[in-house]
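Worksheet: the structure to be examined is printed underneath.
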Amino acid sequence: MNDAAAETQEQLAAECSALSRYLVGRRADERLQREYAAFCRSRPEPMRALGLFDRLSLQLLRSGLLGVALVDAYVSRMRRAGPAFERLVGMLALLECLPESSALLDRPDSGGPAWIVLRLVARALLDGVALLVSTLVLGPVHLVQTLRQSREPNP
Amino acid sequence: MSRAPAVVVVGSGASGVHFAASLLEKGRRVRMLDVGLPRPEAVAPTLDIGGLKRELEDPRSYFLGRHFETVILPGHEDEYYGFPPNKSYVFDSRGSFEFAAKGFAPLVSFAAGGLAEAWTGGCYPFDDGDLADFPFAWAELEPFYSRVAERIGITGELDDMQRFFPGHRALEAPLDLDAHSARLVGSYERARSHLNEKLGCYLGRSRLAVLSRDRQDRKACSYLGRCLWGCPHDALYTPSVGLRECLRNPDFEYLSGLSVDHFRFDTAGRVRRVVAREVATQRLREFEVQQLALAAGTLCSSKILLKSIQLDSGERRELSGLMDNRQVLMPFVNLGLIGKSFETRSYQYHQLAFGLSGAEARDRVHGLVTTLKTALIHPVLQSIPASLGASLALFRNIHTALGLVNINFSDQRRSDNRLALELGSEGGDRLVIDYAPDALEPERIRHATRRLRRALLRLGCIAPPPMTHTRPMGSSVHYAGVVPMQEQGGELTADPLGRCRGFENLYLVDGITFPSLPAKNLTFTLMANASRIAEQAF
């Protein structure tokens, strides 16, 4: 059993469900959960090697929509190479090749161009707020992890 | 094949296949040596892209790979896209190509059909300006462009782009334009005089090696929307289609699973034998040669040539003048299409081409306009510096409006850009590749992208400057130039018929002999030039 398998099925299922709802607004079905678990286990980074910040981000991903939004806002800018952002991208890749979800990724918002632009501006503002909050919450933990790792001797 | 001797051809890429096809048409016998990794069978050929997602038992493996190997994760920001799993055989390096590159990101292929198995079908003839450094003019090459067009089927139109791409025979009716491309053409027609006169910018239909009507065992494009994953009906020509046609000829012998290592020649410079390694067993095999044609692509052909000279004389030689087209990718948004839905049933690669005029041919810039349709979106979204949720909300509304301009810049031979051999791991050979662009390149790129951004604005599109991306040299895979064709030349140059000086019976029929590289995809010219050599030298 590898380290990724140390994450329980329940944990991965909760994470998968939260990510699916966040990205396409629908719950993950059994197939998506199975594929998502396979994706997570295909990644080489062992869980035990993860620092405090990365483990906290993964826990937040499992906590629900708010947790995912905060983690996404932060890691997409500050910790792109970490496991949380990889899992967000992996989930998106899965969603776009499964028939139940792929059409949802291409469906434009209803309404005219002005309404769409207004909604996008609102979405961008929300993203800005999420970034601000997540920086306050996650920034210090990330800093601690970075400092700890910089002090560890290179293998 | 019992009747020796035959012309031995190394490599089954665009050059090798058309060289062989021309010799076979002349009644010559051809033996082709190749690694020849096979193309996988097309999966469910009648299904369109949506059908593949719905009907395949395991769509994830088809689109992302069994081990998720084609998911583009952060850290791969160099490119906006990756190759799908069923094209991974094109870049499989089982043929053990070891290299040490500086300033260059090389790609080689050991697939049956070579690198053009993953091309996008652009067929752009060189004109007299492009051929200024070549020892022949367009008029001499034109019959071979036409012959290749007859063989492979090329669609397109004689439009404003004719000032960049001369015409040839056998140009078939173009494919149906996708809605976004049609809108761009409409905008261009309204703004034509401004774009032509003020910006020197021209737009027209791409010339594509894609069938718009059935032809023998190939079917016309049926707009399945799965071009990126390989055309299941061979409507898009690739050299493996040409190889299949050669294989029907009893005078053609194809020996695959062989990686040619070097050739042996006598004191008079006559090549006597070619030595190849069996990929499966690593055993060396030798083949007698009357005439040898290297068509393994510039890098692999160079490696064979350098190794052969080194084994004969003990001398470590260099080949200089390596070229490639610098490519710049410029994503854009067509403002008039924001919030619109798109039709997946369309041809997926570029359908439009553009040109920017220049004082001289080498100053011209040429590129392709691809509108985004069924390509996977996660590679693009993960590269946007915003949250994935916000990027996705934006993307859903602008997907139909997105396009990508792929801009090509010309290249010239410079002595610092060189190839050499050194000892590699486990006693093998390593190709050393050194490349540095010329000092004026950044200014040329700035100038061209500025003009193009203004032109796009006239077409109702915005191209955000931070998204414009200069690809690493080597990415375009238009390698050329280290043994240039010249009317009069010294050692390690080629004569106008591609014969390598210093050798009596060695022909170089791929891009290795191109003395300059215009800002165009060279594949069509590789095919035409190989056909020309076969016709005129044999």
Side-chain angles (χ1 to χ4, degrees), chain A residues 19 22-24 31-32 34-35 38-39 42-43 65 68-77 79-82 85-86 88-117 119-120 122-124 126-128 130-131 134, chain B residues 49-77 82 84 335-342 344 372-401:
Chain A
L19 290 179
Y22 175 70
L23 291 173
V24 289
R31 169 151 77 162
L32 182 57
R34 201 172 54 241
E35 295 287 9
F39 170 74
S42 74
R43 303 304 305 146
L65 284 181
V68 177
L70 288 178
V71 170
D72 185 19
Y74 188 84
V75 297
S76 58
R77 290 146 171 125
R79 179 75 176 123
R80 294 174 55 77
F85 195 57
E86 277 195 358
L88 274 154
V89 174
M91 172 56 89
L92 178 62
L94 287 172
L95 289 169
E96 63 178 325
C97 55
L98 296 180
E100 300 81 10
S101 47
S102 64
L104 300 172
L105 294 172
D106 289 324
R107 188 175 295 165
D109 292 332
S110 52
W115 178 236
I116 288 172
V117 170
R119 287 180 68 152
L120 289 175
R123 185 68 181 79
L126 206 61
D127 196 41
L131 176 62
S134 63
Chain B
I49 189 83
L52 286 174
K53 290 178 185 175
R54 279 192 309 275
E55 307 290 333
L56 290 185
E57 199 177 316
D58 183 8
R60 186 270 289 172
S61 290
Y62 181 79
F63 289 102
L64 302 177
R66 277 189 69 196
H67 306 291
F68 300 93
E69 58 271 24
T70 56
V71 176
I72 304 286
L73 290 169
H76 293 86
E77 282 89 352
L335 297 174
L337 289 172
I338 289 176
K340 301 275 196 298
S341 309
F342 71 95
T344 57
L372 196 68
K373 285 150 298 199
T374 62
L376 295 185
I377 61 172
H378 76 271
V380 181
L381 290 196
Q382 64 93 12
S383 70
I384 296 174
S387 73
L388 207 59
S391 303
L392 184 57
L394 174 70
F395 197 85
R396 280 192 294 107
N397 288 293
I398 65 169
H399 188 161
T400 310

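Worth knowing before you read on, the calculation uses all heavy atoms, side chains too, and leaves out hydrogens, waters and symmetry mates. Letters go in sequence order (proteins before strands), and every chain restarts at 1.
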Task: Contact origin within B:L388 toward chain A - heavy atom pairs under 4.5 Å - done: both
Open item on the list: Please check this pair: side chain of A:R80 against backbone of B:Q382, looking for a donor-acceptor N/O pair closer than 3.5 Å.
Closed with: yes
Open item on the list: For A:L98 versus B:P59, what's the shortest heavy-atom pair and its separation?
Closed with: CD2-CG, 4.0 Å
TODO: Identify the two heavy atoms, one from B:G339 and one from A:I116, that lie closest to each other, and give their separation to 0.1 Å.
DONE: CA-CD1, 3.6 Å
Open item on the list: Ignoring hydrogens, what is the shortest heavy-atom contact between A:D72 and B:S387? Give both atom names and the distance.
Closed with: OD2-CB, 3.4 Å
Task: Main-chain N/O of B:N397 paired to A:D109 side chain as donor or acceptor, under 3.5 Å - done: no
Task: Contact origin within A:R31 toward chain B - heavy atom pairs under 4.5 Å - done: side chain
- [ ] Name the region of B:Y62, side chain, backbone, both or neither, that has any atom closer than 4.5 Å to a heavy atom of chain A.
- [x] neither
Task: Region of A:D106 that comes under 4.5 Å of a non-hydrogen atom in chain B - done: both
Open item on the list: Counting heavy-atom pairs under 4.5 Å with chain B, which one of A:L88, A:V24, A:L105, A:L23 comes out on top?
Closed with: A:L105
- [ ] Over all heavy atoms of both residues, which pair between B:R396 and A:R107 is shortest? Give the atoms and the distance, please.
- [x] NH1-O, 2.9 Å
Task: Partner residues of B:S391 under the side chain to side chain contact (heavy atoms under 4.5 Å, CB included) criterion, sequence neighbours left out - done: B:L381, B:I384, B:A386
TODO: Let me know if A:Y22 has heavy atoms under 4.5 Å from chain B in its side chain, its backbone, both or neither.
DONE: side chain
TODO: Taking all non-hydrogen atoms of both residues into account, name the closest pair between B:R60 and A:A38 and its distance.
DONE: NH2-CB, 4.3 Å
TODO: Check each atom of A:L131 against the heavy atoms of chain B and say whether the ones under 4.5 Å are side chain, backbone, both or neither.
DONE: neither
Open item on the list: Is B:I377 close to chain A through its backbone or its side chain, or both, or neither, when contacts mean heavy atoms under 4.5 Å?
Closed with: both
TODO: Please look at A:R77 and chain B and tell me whether the side chain, the backbone, both or neither of the residue comes under 4.5 angstrom of a heavy atom of that chain.
DONE: side chain
- [ ] Identify, with sequence neighbours excluded, every residue that meets side chain to side chain contact (heavy atoms under 4.5 Å, CB included) alongside B:S341.
- [x] A:P108
Open item on the list: For a 4.5 angstrom cut-off between non-hydrogen side-chain atoms, does B:H67 reach A:S42?
Closed with: no
- [ ] Select, from A:A124, A:A69, A:A73, A:S102, the one with the greatest count of heavy-atom pairs under 4.5 Å involving chain B.
- [x] A:S102
